Amino acid sequence: MSVLENLNEKQKEAVLHTQTPLLVLAGAGSGKTRVITHKITYLINEKHIPLDKILAITFTNKAAQEMKQRIKKTLSLEKEPQWISTFHSLCVKILRQEAQNIGLDKNFVIYDEEDSKKTLKDILKELNLDLETYKPEKTKSIISSIKQDMDESILEFYEFTMPHIRQIYQKYQDTLKQNNAVDFDDLLLLTVELFLKNREILHKWQSKFDYILVDEYQDTNKIQHKLLKLLTGDRTCITVVGDPQQCIYTWRGANPNNILEFEKDFPNTKIIKLEKNYRSTTQILQTANKIISNSKGKWKEKVLKLWTENKEGEKVKLAVLSTDKKESEFIARKIKDYKSQGYLYSDMTVLIRMSFLTRNIEEALLRADIPYQIIGGVKFYERAEIKDILAYLKISLNPKDTQAFKRIINLPPRGIGQKTIDKIKQYYKTDWIQAVYDAYDEFSNKVKLGLQSFLELVQYVQKYANQQPAQTAKYIYDAIDYENYLQNKYTNDWEDRVANIKELFNALQEVEKSGKTLTQFLEESSLSQAQDNLENTNTVKIMTIHASKGLEFPIVFIAGLEEGIFPSGRAFEDIEQMEEERRLFYVAVTRAKEKVYLTYAKQRSSFGNRFQETKQSRFIKEIKEELEILGKKRPPKTQKKVISDELRIGQLVSHELFGKGVIKSINDNRVTVIFEKEGEKTLKKGFLKGL
DNA sequence: CACGTCCCTGTTTTT
DNA sequence: CAGGGACGTG
């Protein structure tokens, strides 16, 4: 049982190379996950590195989980390896242990995007600044890039149009600190700062790891690169795997230059290219190569050219539909077809560029009785009802958390409004709960009553949350009569929301059973990702292309190939962004093993009612000669079943685009068919197949 | 001073 | 369609 079994020469080389830092340029479907897991096994078995001295960083929690289990199984371990995680989870672990060394309370909370933006909004109001000039989204993204690049010079640029941006940034950092909170970027930044400031601690963590492996390197940002450099030190014990052509996260700081810089920062780097693809058919790969050949050709010698020994397969297909509704119905119909041909629902995925496109797809699949799962969208722990209940638990662990406090002080309505909160704030010394006590005498009896009910509840939660989180959550739910609150507030979908709460109770029950702490649970929920919820069930998965990173499916539908959607309208004026859109398309197509369907609608309804004319995505034109256009051209010779002369009235037929139908009349070469879904159409014989 | 209603706007992608 | 801000009412 060699660890090198079933690896090709290049893969073997990548597993065996440990003398110098290693950069593996691994194309889509070239078996990079395999290389990483085999390499870990090799390091343990042959190089005798203890399992817990290997650090492996993956892009998603899901990937980390799978890798852990694979290794546990391969090595017949009792427990899972503990240092396989994402960058963010790794940094949380480090920070929890070292909190006191950077003036952080170890009960710090992680602010999500919403909390961070609300914090910024509060700051803007306090500073009396215009919300238009300093849009919280914009401001947040500027602050993020400062932190991700560890470089404040970007402020000089923005100060021309946003003179107070520096002040806002300062205040934002101060506020987070006061709240005993960190944002996503802080997890990385604070860890790096800790290492830079404290040699001893750095050495401690360096010596914890004898080897470091990193996946999806093209999507790491500057500070992650820096962190790796710090952890590696002068040693050579590092392997990173990536593919610049699959970089799709520059908009949140990913820096594909990390791949180029790697050689500089890690001397004597060896480079190995994995270009043999094991996933896709020749046709799919050819189309993918065509897509990426239209990119500007940066990263010269780092660009991979994929090839495969897989069979030819079918051409990538394009279906043009009249409306968005028809588009999703087409997809549903195809799914049914393939199901009846023996494919599983779980063999198929629908990929989209923007999550609002899930709506139509979901409706069509629902109507067609096709089981599906939506990955991402509004995530579970970002739902208002979940955050409401969690805020009670959070405030009990960290009573400094302003966002949690504001969320629940008047939930359910207790007659406490802005003025009361302002007053409480004047009494703020150590934390919000204390502030409420201290300010208490200031208020009218009515407000006092409201505050009392709040304080009583919080006292209870503080007492029991840690030991019995599930029961405590239930207690909160009943105490605030939350079901009633949901019923009144959300007349349409309150039942779904109640179901979500029940789901939360279950999750908390698991926490109690598994012996995890509430803090651990809260931090996992903050760092939960779309893919984490990917069920191993026989359902069609619907997700954004970003969420599909690292996954593969036999059949892939890519919907909404329209200018403004894919590529996104925001990319129109920016060449770099357009390049990223193109890479995104490349990633989408390379998810497929056997079949790819591209679709777009000539008309799409925006918001509620109005239809808008769309324009075909530029990407389609770029690969036109690779495509089989459904419903327009004669199907290629592979489909010999085309019926020619023996058509008769009443015969069941099928059409690529319109689905199943029955022949109503025949007139020379033209046949009128009544389609199950599309109604009556007259078309040429050649387009029909017998059933 | 809190709370309800009306009207407006605005859609990337996410740790 | 939905979330948030402005504005008027009790």
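Since we're looking at a predicted model, the values are computed, not measured. In the text below, chain A, chain B and the rest are named by the order of the sequence lines, each starting its count at 1.
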Phosphate oxygens OP1/OP2 of dT15(B): is one of them under 4.0 Å from a side-chain N or O of Asn61(A)? no
Are Lys222(A) and Asp151(A) within salt-bridge range, i.e. N to O under 4.0 Å? no
At a cut-off of 3.5 Å, list every protein nitrogen or oxygen paired with a nitrogen or oxygen from nucleotides 8-11 of chain B, distance to 0.1 Å.
residue	atom	partner	partner atom	Å
dT11(B)	O5'	Arg570(A)	NH2	3.4
dT11(B)	O4	Phe607(A)	N	3.2

To the side chain of His546(A), which of dT13(B), dC1(B), dT15(B) is closest? dT13(B)
Look at Arg359(A) together with Glu363(A) and state whether they make a salt bridge at an N to O cut-off of under 4.0 Å. no
Can you tell me which nucleotide in dT15(B), dC1(C), dC3(B) comes closest to the side chain of Arg359(A)? dC1(C)
Out of Ile352(A), Leu551(A), Thr358(A), which residue meets the side chain to side chain contact (heavy atoms under 4.5 Å, CB included) rule with Met543(A)? Leu551(A)
With sugar-phosphate meaning primed atoms plus P, OP1 and OP2, does Gln577(A) contact a base, only sugar-phosphate, or nothing at under 4.0 Å between heavy atoms? base
What's the CG-P distance between Leu451(A) and dC1(B), to the nearest Å? 14 Å
Please write out each protein N/O paired with an N/O of nucleotides 4-8 of chain C under 3.5 Å, distance rounded to 0.1 Å.
residue	atom	partner	partner atom	Å
dG5(C)	OP1	Lys121(A)	NZ	2.9

How many Å lie between NZ on Lys419(A) and C1' on dC1(B), as a whole number? 9 Å
Side-chain H-bond candidate by donor/acceptor type, Tyr482(A) with Glu385(A), under 3.5 Å: no
Can you see if the side chain of Thr544(A) gets near the phosphate of dT14(B) - specifically, an N or O under 4.0 Å from OP1 or OP2? yes
Among dT13(B), dC1(C), dA2(B), which nucleotide has an atom closest to any side-chain atom of Trp251(A)? dT13(B)
Please check the phosphate of dT13(B) (OP1 and OP2 only) for any side-chain N or O of Ser568(A) closer than 4.0 Å. no
Does Lys602(A) pair with Glu562(A) as a salt bridge, N-O distance under 4.0 Å? no
Nearest-angstrom distance from the residue atom CD of Glu382(A) to P of dT15(B): 8 Å
Determine whether the aromatic ring of Tyr249(A) stacks with the base of dT13(B), defined as ring centroids separated by less than 5.5 Å and ring planes inclined by less than 30°. no
Between dT13(B) (P) and Ile558(A) (CD1): distance, integer Å: 17 Å
Given that Lys446(A) and Ala571(A) both sit by DNA chain B, which one's nearest nucleotide is further toward the 5' end? Lys446(A)
Rounded interatomic separation in angstrom, taking CG from Asn410(A) and C1' from dC1(B): 12 Å
Could you give the CG-to-C1' distance, from Leu351(A) to dT13(B), as a whole number of Å? 13 Å
Between P of dA2(B) and CG of Leu411(A), the distance in whole Å: 16 Å
Round to the nearest Å and state the distance from Asp185(A) atom CG to dT15(B) atom C1'. 8 Å
Contact class for Glu580(A) vs. all strands (heavy atom < 4.0 Å): base, sugar-phosphate, or nothing? nothing
Looking for any heavy atom pair under 4.0 Å, which part of the strands does Thr86(A) touch: base, sugar-phosphate only, or nothing? nothing
Got a salt bridge between Glu580(A) and Arg583(A), using NZ or NE/NH1/NH2 to carboxylate O under 4.0 Å? yes
Answer with yes or no whether the side chains of Tyr217(A) and His225(A) bring together a donor and an acceptor at under 3.5 Å. yes
If the threshold is 4.0 Å, N to carboxylate O, is there a salt bridge linking Arg497(A) and Glu503(A)? no
Base, sugar-phosphate or nothing for Asp183(A)? Non-hydrogen atoms, less than 4.0 Å. nothing
Between Glu579(A) and Arg582(A) (salt bridge meaning N to carboxylate O under 4.0 Å), is one present in this structure? yes
Earlier contact from the 5' end, DNA chain B, for Gln148(A) and Pro413(A): Pro413(A)
Exercise answer: donor-acceptor pairs, residues 415-423 of chain A side-chain atoms, under 3.5 Å, sequence neighbours excluded:
residue	atom	partner	partner atom	Å
Gln418(A)	NE2	Asp422(A)	OD1	3.0

Please determine, for the side chain of Ser355(A), which listed nucleotide (dC1(B), dT15(B), dT13(B)) has the closest atom? dT13(B)
Residues Lys387(A), Asp112(A): salt bridge by 4.0 Å N-O rule: yes
